[in-house]
Undergrad: 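This is the structure, below, for whatever I ask next.
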There are 2 protein chains.
Amino acid sequence: MSNSDKSVVGRLRKLIGEGAFQQGERLGEVAVAEQLGVSRTPVRLAFRTLEQEGLLHRAGKRGFRVREFTEADVLCAVEVRGALEGLAARRLAEQGLSSALAADLAFWIQEGRDLLAKGYLDEPDIETWGELNRHFHESIVGSAGSSVIGDAIARNNHLPFAAADSIIIDSEALEREYRKLQLAQVQHELVVQALRHGEGARAEMLMREHALIGLRYAELLDVGPHLPV
Amino acid sequence: MSNSDKSVVGRLRKLIGEGAFQQGERLGEVAVAEQLGVSRTPVRLAFRTLEQEGLLHRAGKRGFRVREFTEADVLCAVEVRGALEGLAARRLAEQGLSSALAADLAFWIQEGRDLLAKGYLDEPDIETWGELNRHFHESIVGSAGSSVIGDAIARNNHLPFAAADSIIIDSEALEREYRKLQLAQVQHELVVQALRHGEGARAEMLMREHALIGLRYAELLDVGPHLPV
DNA sequence: CCGCTTCATTTTGGATCCAACTAAAGCATA
DNA sequence: TATGCTTTAGTTGGATCCAAAATGAAGCGG
């Protein structure tokens with residue numbers, strides 16, 4: 001809420017995400033406060049927030065430790081997002097798309113088509129895709145009839161590797177990323193198709209699969225064929 | 001971590017759950033601090049925790065408001081738990097049950113059978129069922145290979161109506177509750193059966209359905225037949 | 001009469017102080 | 001030498017103080 005408060009939480013989140021602290025390292029309030037140049041109070045507040053976000057957890061009776069993540073945790077966090085976004089998609093399909101939402105989704109679909117139409121990817125496209133991808137996912141989750149799902153996803157997304165916009169990993173291999181985004185675009189369009197037809201189960205499954213694109217699609221794309229789109 | 005800190009969070013959680021504050025009511029730090037007889041500091045810490053738990057949310061640029069819940073939110077929170085527990089069950093089925101876990105689950109299944117064997121329910125049984133139900137669910141979620149799912153469920157369970165042990169609502173109508181627990185027991189046993197056979201999809205769906213028992217089964221049980229168990 | 005600006009009150013954020021508790025080191029004794 | 005107790009340093013929680021920001025009201029001007 002306040003500038004500094006947010007900034008302390010944000011800066012710590014960033015530092016943890018960047019691996020500035022060792023996994024499992026004990027964080028003392030005074031040490032962190034000095035490192036960030038603030039007093040203990042905002043750090044204490046931030047620790048509570050970060051604890052709930054899952055980035056820190058209590059170390060016995062005193063202090064906090066940096067949460068350590070295994071590969072299994074990464075996969076699990078992605079699957080959790082898939083399960084939750086899938087739930088949102090199912091609910092949306094079952095309750096029926098409003099025309100406003102249908103138009104909204106169609107707009108982001110078209111944005112994606114436009115982005116990919118030129119047949120390759122360059123640096124600024126990554127940011128553009130991130131934006132439209134975020135809008136697309138937020139439109140679906142935000143229209144599921146309750147903010148509870150969105151909140152759960154937001155909390156899960158605090159794990160740095162779980163967020164939906166962590167698709168782009170390698171900005172060096174833009175050709176592979178282009179093919180990945182082609183697949184993502186196809187999945188987006190299929191999800192919208194399912195939503196339009198009220199196919200709840202299909203929308204859910206497509207969304208769950210879509211969540212895995214950042215993890216499981218890389219090996220396919222190195223050797224796989226180009227998609228005819 | 002500290003007594004008072006936990007107690008402030010816990011007391012506020014309880015107060016909010018009991019509806020001591022009006023939905024959407026603005027909570028001032030000083031007011032709450034005086035009401036609880038502590039200084040502002042622990043209240044400020046507690047507010048951050050409760051915000052992350054979803055019980056409070058920021059009111060514009062100043063202060064927090066009590067989160068207001070609609071019926072749709074309640075249903076959604078239960079479905080979220082179902083989706084997450086279902087995910088845990090699926091993963092568990094796919095990775096295979098350890099013999100230790102199989103024994104553990106079998107134990108809680110047997111506890112459930114013993115509890116229901118006498119053919120009716122009395123007051124202390126409610127607490128007993130709550131215990132074994134909690135153990136059963138925790139065993140599954142805690143063995144899914146990562147604490148990420150469990151954390152997400154724990155955060156969701158902070159919504160007072162979403163937790164798995166909020167099945168028992170009406171301790172006046174013990175006969176209906178007995179039939180509800182019979183169904184819950186059957187579902188537990190079916191889940192374990194699916195887990196044993198590695199039937200991931202079935203385990204997931206059973207778990208998701210099981211989550212709805214507190215919401216959607218009441219109307220059935222008023223008029224429905226007794227189960228032959 | 002309406003709108004903008006300014007001021008005062010209220011509320012929150014940050015810093016500091018003190019007390020309580022924890023963990024570890026050191027000492028003594030068996 | 002090992003075990004157990006005591007002491008001590010370090011860390012965290014709670015309270016209070018001060019400053020900054022925001023909200024609401026009052027006053028001024030168009």
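Every value quoted in this text rests on a predicted model; they were computed, and no experiment measured them. To find a chain, count down the sequence lines: A is the first, B the second, and so on, and within it residues start at 1.
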Undergrad: State whether the number of non-hydrogen atoms from other residues, nucleotides or ligands found under 6.0 Å of A:Arg216 atom CZ is greater than 12.
TA: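 It does not: A:Arg216 CZ has 12 such atoms or fewer within range.
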
Undergrad: Using whole Å, what does the distance between atom P of nucleotide C:dT11 and atom CZ of B:Phe64 come to?
TA: 15 Å

Undergrad: Does a side-chain N-to-carboxylate-O contact under 4.0 Å join B:Arg90 and A:Glu79?
TA: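 Not counted as a salt bridge, because no side-chain N and carboxylate O are separated by less than 4.0 Å.
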
Undergrad: Check B:Arg58 with B:Glu51, please: is the shortest side-chain N to carboxylate O separation under 4.0 Å?
TA: yes

Undergrad: Which label fits B:His188 and B:Phe136: parallel for a plane angle under 30°, tilted from 30 to 60°, or perpendicular past 60°?
TA: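 The arrangement is parallel - the two ring planes meet at less than 30°.
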
Undergrad: Starting from P on D:dA15, measure out to CD on B:Glu29 and report it in whole angstrom.
TA: 13 Å

Undergrad: Is there a side-chain polar atom (N or O) of A:Arg48 under 4.0 Å from OP1 or OP2 of D:dG13?
TA: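 It does, given that an N or O in the side chain of A:Arg48 lies less than 4.0 Å from OP1 or OP2 of D:dG13.
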
Undergrad: Rounded to whole Å, please give me the gap between CG in B:Leu45 and P in C:dG13.
TA: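 Atom-to-atom, B:Leu45 to C:dG13, this comes out as 11 Å.
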
Undergrad: Return no unless some side-chain N or O of A:Ser39 is found under 4.0 Å from OP1 or OP2 of C:dG14.
TA: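 For A:Ser39, the contact criterion (side-chain N or O under 4.0 Å from OP1 or OP2 of C:dG14) is not met.
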
Undergrad: Between P on D:dA22 and CZ on B:Arg58, what's the gap in Å once rounded to a whole number?
TA: 13 Å

Undergrad: Starting from C1' on C:dG14, measure out to CZ on B:Phe47 and report it in whole angstrom.
TA: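 Nearest whole value for this atom pair: 18 Å.
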
Undergrad: If you assign B:Thr41 and B:Gly28 each to the DNA chain C nucleotide with the nearest heavy atom, which residue ends up on the more 5' nucleotide?
TA: B:Gly28

Undergrad: At under 4.0 Å between heavy atoms, how does the protein contact nucleotides 17-23 of chain C? Give one character per nucleotide, 5' to 3', with B, S or -.
TA: B----BS

Undergrad: What is the distance, rounded to the nearest whole Å, between atom CD of B:Glu34 and atom C1' of C:dT12?
TA: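 Rounding to the nearest Å, CD of B:Glu34 and C1' of C:dT12 are 15 Å apart.
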
Undergrad: Assess whether a salt bridge exists between B:Glu204 and A:Arg208, defined as any Lys/Arg side-chain N lying under 4.0 Å from an Asp/Glu carboxylate O.
TA: yes

Undergrad: Can we say A:Glu94 and A:Arg91 salt-bridge, meaning some charged N sits less than 4.0 Å from an Asp/Glu carboxylate O?
TA: no

